[in-house]
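Below is one structure; the comments refer to it alone.
Note: hydrogens, waters and symmetry copies are ignored here, and every other heavy atom, side chains too, is used. Per chain, numbering begins at 1; letters A, B, ... match sequence-line order.
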There are 2 protein chains.
Amino acid sequence: MKRETTEIRQEQIKRAVLDIIFKDGLDQLSTRNLAKRVGITEGAIFRHFKSKRDIMLGIMQDVKSDLIGELRHIALGAEGSEKRLFTFLCRHVKYLLENKGITILLFSEAAHMNDKELKDNLHEILSEQKSLISKIIKDGMAEGLWNKKLDGDDIATIYMGIPITLNIELILNPDKFNINNFCKRMFILMQRMLSK
Amino acid sequence: MKRETTEIRQEQIKRAVLDIIFKDGLDQLSTRNLAKRVGITEGAIFRHFKSKRDIMLGIMQDVKSDLIGELRHIALGAEGSEKRLFTFLCRHVKYLLENKGITILLFSEAAHMNDKELKDNLHEILSEQKSLISKIIKDGMAEGLWNKKLDGDDIATIYMGIPITLNIELILNPDKFNINNFCKRMFILMQRMLSK
DNA sequence: AATGTGTAAGTAAGTGATTACATATAATGG
DNA sequence: CCATTATATGTAATCACTTACTTACACATT
(Lines give C-alpha, C1' and ligand atoms only; values in the text may rest on other atoms or scores of the structure.)
Protein backbone atom coordinates (compact mmCIF):
# COMPACT_ATOMS: atom_id res chain seq x y z
CA MET A 1 0.00 0.00 0.00
CA LYS A 2 2.38 2.64 -1.29
CA ARG A 3 1.08 6.14 -0.80
CA GLU A 4 1.69 9.09 -3.10
CA THR A 5 0.40 12.63 -3.18
CA THR A 6 -2.55 13.50 -5.38
CA GLU A 7 -0.29 15.63 -7.58
CA ILE A 8 1.98 12.69 -8.32
CA ARG A 9 -0.91 10.29 -8.84
CA GLN A 10 -2.61 12.72 -11.21
CA GLU A 11 0.50 12.86 -13.35
CA GLN A 12 0.86 9.08 -13.26
CA ILE A 13 -2.76 8.64 -14.24
CA LYS A 14 -2.55 11.06 -17.16
CA ARG A 15 0.65 9.36 -18.34
CA ALA A 16 -1.04 5.99 -18.09
CA VAL A 17 -3.95 7.20 -20.21
CA LEU A 18 -1.67 8.13 -23.10
CA ASP A 19 0.34 4.97 -22.64
CA ILE A 20 -2.71 2.73 -22.78
CA ILE A 21 -4.13 4.52 -25.79
CA PHE A 22 -0.95 4.23 -27.81
CA LYS A 23 0.13 0.77 -26.76
CA ASP A 24 -3.13 -1.10 -26.24
CA GLY A 25 -5.73 0.95 -28.05
CA LEU A 26 -8.57 3.17 -27.08
CA ASP A 27 -10.90 0.36 -26.14
CA GLN A 28 -8.54 -0.68 -23.37
CA LEU A 29 -8.88 2.69 -21.73
CA SER A 30 -11.18 1.73 -18.88
CA THR A 31 -10.84 2.93 -15.31
CA ARG A 32 -10.06 -0.69 -14.39
CA ASN A 33 -7.09 -0.91 -16.75
CA LEU A 34 -6.02 2.57 -15.84
CA ALA A 35 -5.85 1.64 -12.18
CA LYS A 36 -3.97 -1.54 -12.96
CA ARG A 37 -1.41 0.34 -15.05
CA VAL A 38 -0.82 2.90 -12.31
CA GLY A 39 -0.67 0.17 -9.70
CA ILE A 40 -3.58 1.22 -7.53
CA THR A 41 -7.22 0.18 -7.32
CA GLU A 42 -10.06 1.63 -9.29
CA GLY A 43 -11.44 3.49 -6.31
CA ALA A 44 -8.15 5.31 -5.83
CA ILE A 45 -8.43 6.74 -9.34
CA PHE A 46 -11.57 8.54 -8.25
CA ARG A 47 -9.81 9.87 -5.22
CA HIS A 48 -7.54 11.88 -7.53
CA PHE A 49 -9.96 12.73 -10.32
CA LYS A 50 -13.65 13.15 -9.81
CA SER A 51 -14.47 11.46 -13.12
CA LYS A 52 -12.86 9.87 -16.15
CA ARG A 53 -13.98 12.88 -18.12
CA ASP A 54 -11.98 15.05 -15.73
CA ILE A 55 -8.82 13.12 -16.58
CA MET A 56 -9.37 13.87 -20.25
CA LEU A 57 -9.96 17.52 -19.51
CA GLY A 58 -6.77 17.53 -17.48
CA ILE A 59 -4.79 16.12 -20.37
CA MET A 60 -6.27 18.67 -22.73
CA GLN A 61 -5.30 21.36 -20.28
CA ASP A 62 -1.73 20.04 -20.36
CA VAL A 63 -1.72 20.19 -24.15
CA LYS A 64 -2.90 23.77 -24.00
CA SER A 65 -0.28 24.89 -21.55
CA ASP A 66 2.64 22.77 -22.75
CA LEU A 67 2.31 22.39 -26.50
CA ILE A 68 0.24 25.41 -27.40
CA GLY A 69 2.22 27.56 -25.01
CA GLU A 70 5.46 26.65 -26.71
CA LEU A 71 4.05 26.92 -30.19
CA ARG A 72 2.70 30.34 -29.42
CA HIS A 73 6.07 31.40 -28.15
CA ILE A 74 7.71 30.21 -31.35
CA ALA A 75 5.11 31.69 -33.68
CA LEU A 76 5.15 35.10 -32.04
CA GLY A 77 8.92 35.16 -31.58
CA ALA A 78 11.43 37.46 -33.17
CA GLU A 79 13.00 35.07 -35.66
CA GLY A 80 12.37 35.26 -39.40
CA SER A 81 9.21 33.58 -40.68
CA GLU A 82 11.07 30.79 -42.38
CA LYS A 83 12.95 29.87 -39.22
CA ARG A 84 9.77 30.15 -37.16
CA LEU A 85 7.83 27.87 -39.50
CA PHE A 86 10.57 25.28 -39.34
CA THR A 87 10.95 25.43 -35.56
CA PHE A 88 7.18 25.38 -35.13
CA LEU A 89 6.76 22.27 -37.23
CA CYS A 90 9.65 20.44 -35.59
CA ARG A 91 8.47 21.30 -32.10
CA HIS A 92 4.99 20.15 -32.98
CA VAL A 93 6.23 16.84 -34.35
CA LYS A 94 8.52 16.32 -31.36
CA TYR A 95 5.67 16.83 -28.93
CA LEU A 96 3.51 14.29 -30.72
CA LEU A 97 6.32 11.76 -30.72
CA GLU A 98 6.81 12.24 -26.99
CA ASN A 99 3.09 12.02 -26.30
CA LYS A 100 2.00 9.43 -28.75
CA GLY A 101 -1.47 8.86 -27.40
CA ILE A 102 -2.43 12.53 -27.59
CA THR A 103 -3.67 12.68 -31.16
CA ILE A 104 -5.87 9.64 -30.78
CA LEU A 105 -7.28 10.96 -27.55
CA LEU A 106 -8.05 14.35 -29.04
CA PHE A 107 -9.72 12.97 -32.11
CA SER A 108 -11.65 10.35 -30.28
CA GLU A 109 -13.12 13.23 -28.33
CA ALA A 110 -14.04 14.86 -31.62
CA ALA A 111 -15.64 11.63 -32.74
CA HIS A 112 -17.62 11.29 -29.51
CA MET A 113 -18.94 14.74 -29.87
CA ASN A 114 -21.67 14.83 -27.27
CA ASP A 115 -19.62 16.61 -24.67
CA LYS A 116 -19.54 20.30 -25.41
CA GLU A 117 -16.69 21.17 -23.07
CA LEU A 118 -14.40 18.47 -24.45
CA LYS A 119 -15.28 19.44 -27.99
CA ASP A 120 -14.67 23.12 -27.28
CA ASN A 121 -11.30 22.32 -25.79
CA LEU A 122 -10.28 20.38 -28.86
CA HIS A 123 -11.58 23.11 -31.10
CA GLU A 124 -9.57 25.66 -29.17
CA ILE A 125 -6.39 23.61 -29.42
CA LEU A 126 -6.71 23.06 -33.15
CA SER A 127 -7.86 26.52 -34.12
CA GLU A 128 -5.11 28.11 -32.08
CA GLN A 129 -2.55 26.00 -33.91
CA LYS A 130 -4.07 27.00 -37.19
CA SER A 131 -4.12 30.67 -36.45
CA LEU A 132 -0.51 30.60 -35.27
CA ILE A 133 0.47 29.00 -38.55
CA SER A 134 -1.56 31.55 -40.46
CA LYS A 135 0.24 34.29 -38.56
CA ILE A 136 3.68 32.98 -39.50
CA ILE A 137 2.62 32.69 -43.11
CA LYS A 138 1.20 36.18 -43.22
CA ASP A 139 4.43 37.52 -41.73
CA GLY A 140 6.44 35.66 -44.33
CA MET A 141 4.37 37.19 -47.10
CA ALA A 142 4.85 40.65 -45.63
CA GLU A 143 8.58 40.01 -45.48
CA GLY A 144 8.40 39.36 -49.19
CA LEU A 145 9.51 35.80 -48.64
CA TRP A 146 6.45 33.98 -49.88
CA ASN A 147 3.79 34.37 -52.52
CA LYS A 148 1.27 36.94 -51.32
CA LYS A 149 -1.54 35.58 -53.44
CA LEU A 150 -1.84 32.34 -51.53
CA ASP A 151 -4.62 31.75 -49.05
CA GLY A 152 -3.06 31.43 -45.60
CA ASP A 153 -5.99 29.39 -44.29
CA ASP A 154 -5.59 26.83 -47.05
CA ILE A 155 -1.91 26.49 -46.26
CA ALA A 156 -2.78 26.07 -42.61
CA THR A 157 -5.29 23.37 -43.57
CA ILE A 158 -2.57 21.45 -45.36
CA TYR A 159 -0.22 22.01 -42.46
CA MET A 160 -2.71 20.56 -39.99
CA GLY A 161 -2.82 17.36 -41.95
CA ILE A 162 0.86 16.70 -41.30
CA PRO A 163 0.80 15.91 -37.56
CA ILE A 164 -2.40 13.91 -37.95
CA THR A 165 -1.02 11.80 -40.76
CA LEU A 166 2.15 11.31 -38.77
CA ASN A 167 0.21 9.82 -35.91
CA ILE A 168 -1.81 7.53 -38.11
CA GLU A 169 1.35 6.24 -39.74
CA LEU A 170 2.86 5.67 -36.33
CA ILE A 171 -0.06 3.45 -35.43
CA LEU A 172 -0.47 1.55 -38.66
CA ASN A 173 3.14 1.47 -39.83
CA PRO A 174 5.24 1.73 -36.70
CA ASP A 175 8.21 -0.03 -38.27
CA LYS A 176 8.09 0.91 -41.91
CA PHE A 177 7.31 4.59 -41.63
CA ASN A 178 10.42 6.73 -42.04
CA ILE A 179 10.54 9.18 -39.16
CA ASN A 180 14.04 10.45 -39.88
CA ASN A 181 14.10 14.15 -40.57
CA PHE A 182 10.35 14.00 -40.85
CA CYS A 183 9.87 17.63 -39.96
CA LYS A 184 12.65 18.73 -42.26
CA ARG A 185 11.18 16.81 -45.18
CA MET A 186 7.73 18.24 -44.58
CA PHE A 187 9.18 21.70 -44.16
CA ILE A 188 10.80 21.55 -47.57
CA LEU A 189 7.47 20.73 -49.15
CA MET A 190 5.73 23.52 -47.27
CA GLN A 191 8.41 25.90 -48.47
CA ARG A 192 7.86 24.89 -52.07
CA MET A 193 4.14 25.43 -51.64
CA LEU A 194 4.73 28.90 -50.27
CA SER A 195 7.44 30.04 -52.69
CA LYS A 196 6.89 32.84 -55.16
CA MET B 1 -43.91 -5.36 -38.88
CA LYS B 2 -42.62 -4.32 -42.24
CA ARG B 3 -40.40 -6.95 -43.83
CA GLU B 4 -37.44 -6.31 -46.08
CA THR B 5 -34.87 -8.58 -47.67
CA THR B 6 -31.52 -9.08 -45.97
CA GLU B 7 -29.81 -7.22 -48.81
CA ILE B 8 -31.92 -4.13 -48.25
CA ARG B 9 -31.59 -4.33 -44.48
CA GLN B 10 -27.83 -4.70 -44.73
CA GLU B 11 -27.63 -1.53 -46.78
CA GLN B 12 -29.94 0.29 -44.37
CA ILE B 13 -27.89 -0.84 -41.41
CA LYS B 14 -24.59 0.25 -42.95
CA ARG B 15 -26.12 3.60 -43.87
CA ALA B 16 -27.42 3.99 -40.34
CA VAL B 17 -23.96 3.31 -38.91
CA LEU B 18 -22.44 6.19 -40.86
CA ASP B 19 -25.41 8.39 -40.08
CA ILE B 20 -25.18 7.79 -36.34
CA ILE B 21 -21.42 8.31 -36.30
CA PHE B 22 -21.58 11.62 -38.11
CA LYS B 23 -24.73 13.03 -36.53
CA ASP B 24 -24.67 11.67 -32.98
CA GLY B 25 -21.10 10.59 -32.41
CA LEU B 26 -19.29 7.33 -32.10
CA ASP B 27 -20.45 6.65 -28.55
CA GLN B 28 -24.04 6.45 -29.78
CA LEU B 29 -23.18 3.58 -32.09
CA SER B 30 -24.71 0.72 -30.13
CA THR B 31 -26.66 -2.12 -31.66
CA ARG B 32 -29.67 -0.77 -29.75
CA ASN B 33 -29.47 2.67 -31.35
CA LEU B 34 -28.68 1.12 -34.66
CA ALA B 35 -31.84 -0.96 -34.52
CA LYS B 36 -33.89 2.06 -33.50
CA ARG B 37 -32.53 4.13 -36.39
CA VAL B 38 -33.31 1.41 -38.93
CA GLY B 39 -36.72 0.86 -37.40
CA ILE B 40 -36.33 -2.74 -36.36
CA THR B 41 -35.43 -4.48 -33.11
CA GLU B 42 -32.00 -5.36 -31.92
CA GLY B 43 -32.43 -9.04 -32.60
CA ALA B 44 -33.20 -8.32 -36.25
CA ILE B 45 -29.83 -6.61 -36.63
CA PHE B 46 -28.17 -9.91 -35.82
CA ARG B 47 -30.36 -11.66 -38.32
CA HIS B 48 -28.65 -9.66 -41.08
CA PHE B 49 -25.13 -9.43 -39.67
CA LYS B 50 -23.62 -12.02 -37.43
CA SER B 51 -21.91 -9.41 -35.28
CA LYS B 52 -21.40 -5.69 -34.96
CA ARG B 53 -17.84 -6.24 -36.09
CA ASP B 54 -19.19 -7.79 -39.29
CA ILE B 55 -21.07 -4.59 -40.04
CA MET B 56 -17.83 -2.65 -39.80
CA LEU B 57 -16.08 -5.12 -42.05
CA GLY B 58 -18.94 -4.77 -44.51
CA ILE B 59 -18.56 -1.02 -44.61
CA MET B 60 -14.82 -1.32 -45.11
CA GLN B 61 -15.50 -3.69 -47.97
CA ASP B 62 -17.76 -1.07 -49.52
CA VAL B 63 -15.02 1.53 -49.25
CA LYS B 64 -12.64 -0.84 -50.95
CA SER B 65 -14.91 -1.62 -53.84
CA ASP B 66 -16.53 1.80 -54.27
CA LEU B 67 -13.94 4.42 -53.38
CA ILE B 68 -10.73 2.54 -53.98
CA GLY B 69 -12.13 1.01 -57.13
CA GLU B 70 -12.88 4.41 -58.60
CA LEU B 71 -9.63 5.94 -57.43
CA ARG B 72 -7.68 3.13 -58.96
CA HIS B 73 -9.51 3.62 -62.22
CA ILE B 74 -8.65 7.32 -62.19
CA ALA B 75 -5.02 6.84 -61.18
CA LEU B 76 -4.33 4.19 -63.76
CA GLY B 77 -6.30 5.93 -66.50
CA ALA B 78 -5.03 7.41 -69.74
CA GLU B 79 -5.30 11.11 -68.89
CA GLY B 80 -2.29 13.28 -68.17
CA SER B 81 -0.90 13.19 -64.64
CA GLU B 82 -2.08 16.67 -63.81
CA LYS B 83 -5.64 15.91 -64.81
CA ARG B 84 -5.51 12.59 -62.99
CA LEU B 85 -4.27 14.15 -59.79
CA PHE B 86 -7.04 16.72 -59.89
CA THR B 87 -9.77 14.21 -60.67
CA PHE B 88 -8.42 11.85 -58.02
CA LEU B 89 -8.47 14.47 -55.31
CA CYS B 90 -11.92 15.73 -56.23
CA ARG B 91 -13.38 12.25 -56.35
CA HIS B 92 -11.82 11.45 -53.01
CA VAL B 93 -13.26 14.58 -51.42
CA LYS B 94 -16.67 13.98 -52.98
CA TYR B 95 -16.82 10.48 -51.57
CA LEU B 96 -15.98 11.67 -48.09
CA LEU B 97 -18.64 14.36 -48.27
CA GLU B 98 -21.22 11.81 -49.35
CA ASN B 99 -20.16 9.35 -46.65
CA LYS B 100 -19.39 11.64 -43.79
CA GLY B 101 -19.10 9.00 -41.10
CA ILE B 102 -16.51 6.98 -43.01
CA THR B 103 -13.36 8.72 -41.87
CA ILE B 104 -14.33 8.59 -38.22
CA LEU B 105 -15.23 4.95 -38.51
CA LEU B 106 -11.96 4.06 -40.19
CA PHE B 107 -9.80 5.92 -37.73
CA SER B 108 -11.67 4.74 -34.72
CA GLU B 109 -10.81 1.28 -35.92
CA ALA B 110 -7.20 2.34 -36.08
CA ALA B 111 -7.45 3.69 -32.56
CA HIS B 112 -9.02 0.48 -31.27
CA MET B 113 -6.29 -1.55 -32.73
CA ASN B 114 -6.84 -4.93 -31.17
CA ASP B 115 -8.62 -6.42 -34.13
CA LYS B 116 -6.10 -7.51 -36.71
CA GLU B 117 -8.57 -7.98 -39.54
CA LEU B 118 -10.09 -4.53 -39.11
CA LYS B 119 -6.68 -2.96 -38.82
CA ASP B 120 -5.42 -4.77 -41.91
CA ASN B 121 -8.42 -3.58 -43.86
CA LEU B 122 -7.76 0.00 -42.88
CA HIS B 123 -4.11 -0.38 -43.67
CA GLU B 124 -4.95 -1.75 -47.08
CA ILE B 125 -7.33 1.11 -47.82
CA LEU B 126 -4.86 3.79 -46.83
CA SER B 127 -1.76 2.29 -48.36
CA GLU B 128 -3.55 1.68 -51.63
CA GLN B 129 -4.58 5.31 -51.74
CA LYS B 130 -1.03 6.33 -51.03
CA SER B 131 0.49 4.13 -53.67
CA LEU B 132 -1.99 5.34 -56.28
CA ILE B 133 -1.01 8.91 -55.51
CA SER B 134 2.65 7.98 -55.69
CA LYS B 135 2.01 6.42 -59.07
CA ILE B 136 0.41 9.58 -60.46
CA ILE B 137 3.27 11.67 -59.13
CA LYS B 138 5.90 9.39 -60.59
CA ASP B 139 4.15 9.53 -63.96
CA GLY B 140 4.06 13.30 -63.77
CA MET B 141 7.77 13.40 -63.12
CA ALA B 142 8.43 11.09 -66.04
CA GLU B 143 6.30 13.35 -68.23
CA GLY B 144 8.63 16.15 -67.24
CA LEU B 145 5.78 17.97 -65.57
CA TRP B 146 7.03 17.94 -62.02
CA ASN B 147 10.29 18.16 -60.14
CA LYS B 148 12.01 14.79 -60.33
CA LYS B 149 13.99 15.32 -57.16
CA LEU B 150 10.99 15.26 -54.86
CA ASP B 151 10.16 12.25 -52.74
CA GLY B 152 6.89 10.82 -53.99
CA ASP B 153 6.14 9.21 -50.63
CA ASP B 154 6.47 12.50 -48.82
CA ILE B 155 4.10 14.14 -51.24
CA ALA B 156 1.68 11.27 -50.72
CA THR B 157 1.98 11.77 -46.96
CA ILE B 158 0.97 15.40 -47.33
CA TYR B 159 -1.80 14.40 -49.67
CA MET B 160 -3.24 11.92 -47.18
CA GLY B 161 -3.59 14.68 -44.62
CA ILE B 162 -6.04 16.54 -46.83
CA PRO B 163 -9.07 14.26 -46.63
CA ILE B 164 -8.48 13.65 -42.93
CA THR B 165 -8.28 17.33 -42.12
CA LEU B 166 -11.37 17.90 -44.21
CA ASN B 167 -13.34 15.49 -42.09
CA ILE B 168 -12.15 16.95 -38.82
CA GLU B 169 -13.13 20.41 -39.97
CA LEU B 170 -16.53 19.10 -40.97
CA ILE B 171 -17.08 17.84 -37.45
CA LEU B 172 -15.66 20.74 -35.50
CA ASN B 173 -16.50 23.60 -37.87
CA PRO B 174 -19.51 22.41 -39.85
CA ASP B 175 -20.71 25.95 -40.54
CA LYS B 176 -17.59 28.04 -40.73
CA PHE B 177 -15.40 25.77 -42.82
CA ASN B 178 -15.31 26.81 -46.45
CA ILE B 179 -16.02 23.76 -48.55
CA ASN B 180 -16.39 25.62 -51.86
CA ASN B 181 -13.88 24.50 -54.42
CA PHE B 182 -12.08 22.70 -51.64
CA CYS B 183 -10.50 20.17 -53.95
CA LYS B 184 -9.52 22.85 -56.46
CA ARG B 185 -7.87 24.95 -53.75
CA MET B 186 -5.95 21.97 -52.40
CA PHE B 187 -4.98 20.93 -55.90
CA ILE B 188 -3.41 24.30 -56.57
CA LEU B 189 -1.26 23.93 -53.48
CA MET B 190 -0.26 20.40 -54.42
CA GLN B 191 0.69 21.66 -57.86
CA ARG B 192 2.92 24.35 -56.38
CA MET B 193 4.57 21.75 -54.20
CA LEU B 194 5.28 19.56 -57.20
CA SER B 195 6.37 22.24 -59.64
CA LYS B 196 9.92 22.41 -61.00
C1' DA C 1 -6.28 12.64 16.84
C1' DA C 2 -6.86 14.34 12.13
C1' DT C 3 -6.21 13.98 7.48
C1' DG C 4 -5.05 12.06 3.13
C1' DT C 5 -4.50 7.89 0.58
C1' DG C 6 -5.51 3.29 0.00
C1' DT C 7 -8.61 -1.11 -0.59
C1' DA C 8 -12.51 -4.42 -1.43
C1' DA C 9 -16.93 -4.87 -2.55
C1' DG C 10 -20.57 -3.00 -4.12
C1' DT C 11 -24.04 -0.20 -7.53
C1' DA C 12 -26.99 0.96 -11.76
C1' DA C 13 -26.78 1.38 -16.44
C1' DG C 14 -25.30 -0.03 -20.77
C1' DT C 15 -23.02 -3.45 -24.00
C1' DG C 16 -23.17 -7.14 -27.81
C1' DA C 17 -25.39 -11.17 -28.45
C1' DT C 18 -28.89 -15.12 -27.95
C1' DT C 19 -33.10 -17.15 -27.09
C1' DA C 20 -37.98 -18.78 -27.89
C1' DC C 21 -41.44 -17.60 -30.36
C1' DA C 22 -44.54 -15.08 -34.03
C1' DT C 23 -45.77 -13.87 -38.60
C1' DA C 24 -45.24 -12.47 -43.52
C1' DT C 25 -43.91 -14.28 -47.87
C1' DA C 26 -42.70 -17.91 -51.11
C1' DA C 27 -42.86 -22.67 -52.74
C1' DT C 28 -45.12 -26.86 -53.32
C1' DG C 29 -48.46 -30.49 -54.24
C1' DG C 30 -53.27 -31.99 -54.99
C1' DC D 1 -56.50 -22.20 -57.52
C1' DC D 2 -56.05 -23.07 -53.05
C1' DA D 3 -54.38 -25.24 -48.74
C1' DT D 4 -50.23 -26.46 -46.69
C1' DT D 5 -45.67 -26.45 -45.62
C1' DA D 6 -41.04 -24.09 -45.56
C1' DT D 7 -38.39 -20.26 -45.14
C1' DA D 8 -37.07 -15.58 -44.17
C1' DT D 9 -37.78 -11.81 -41.32
C1' DG D 10 -39.54 -9.95 -37.27
C1' DT D 11 -40.23 -9.27 -31.84
C1' DA D 12 -39.67 -9.21 -26.70
C1' DA D 13 -37.19 -10.84 -23.08
C1' DT D 14 -33.11 -12.01 -21.29
C1' DC D 15 -28.15 -13.42 -21.12
C1' DA D 16 -23.44 -12.71 -19.23
C1' DC D 17 -20.36 -9.14 -19.05
C1' DT D 18 -18.25 -4.39 -18.80
C1' DT D 19 -18.58 0.27 -17.69
C1' DA D 20 -17.90 4.50 -14.72
C1' DC D 21 -18.55 5.42 -10.33
C1' DT D 22 -19.65 4.89 -4.95
C1' DT D 23 -19.49 3.24 -0.43
C1' DA D 24 -17.64 1.57 3.96
C1' DC D 25 -13.85 0.86 6.03
C1' DA D 26 -8.47 0.43 6.94
C1' DC D 27 -4.16 2.30 7.54
C1' DA D 28 -0.09 5.63 6.98
C1' DT D 29 1.75 10.10 7.90
C1' DT D 30 1.95 14.13 10.43
Tell me whether B:Arg15 is salt-bridged to B:Glu11, with the criterion being a basic N under 4.0 Å from an acidic carboxylate O.
no

Could you state the CD1-C1' distance from B:Ile8 to D:dA8, rounded to the nearest angstrom?
13 Å

Suppose we call two aromatic rings close when their centres sit under 6.0 Å apart. Are B:Tyr159 and B:His92 close by that rule?
yes

Does D:dT9 have OP1 or OP2 sitting under 4.0 Å from an N or O in the side chain of B:Thr6?
yes

Taking OP1 and OP2 of C:dG4, is either one under 4.0 Å from a side-chain nitrogen or oxygen of A:His48?
no

Could you tell me whether B:Arg53 and B:Glu117 make a salt bridge, using a distance below 4.0 angstrom between a side-chain N and a carboxylate O?
yes

Carboxylate-amine/guanidinium proximity below 4.0 Å for A:Arg84 and A:Glu79
no

What is the separation between atom CD1 on A:Ile45 and atom P on D:dT23, rounded to the nearest whole Å?
18 Å

Per-nucleotide protein contact string for nucleotides 11-20 of chain C (B base, S sugar-phosphate only, - none; heavy atom under 4.0 Å)
----BBBB--

Would you mind reading off the distance between A:Lys36 atom NZ and D:dT18 atom C1', rounded to a whole angstrom?
13 Å

To the nearest Å, how far apart are B:Ile40 CD1 and C:dT23 C1'?
16 Å

Can you check the A:Lys2 NZ to C:dG4 C1' distance for me, whole Å?
16 Å

Just checking, is any N or O donor in the side chain of B:Glu82 or B:Gln191 under 3.5 Å from an acceptor N or O on the other one?
yes

Interatomic distance, B:Arg3 CZ vs C:dA22 P [rounded to whole Å]
15 Å

Side chain to side chain donor-acceptor pair (under 3.5 Å): pairs with one or both residues in residues 179-190 of chain B, sequence neighbours excluded
A:Asp154-B:Arg185

Can you measure B:His112 atom NE2 to D:dT19 atom P for me and round it to whole angstrom units?
12 Å

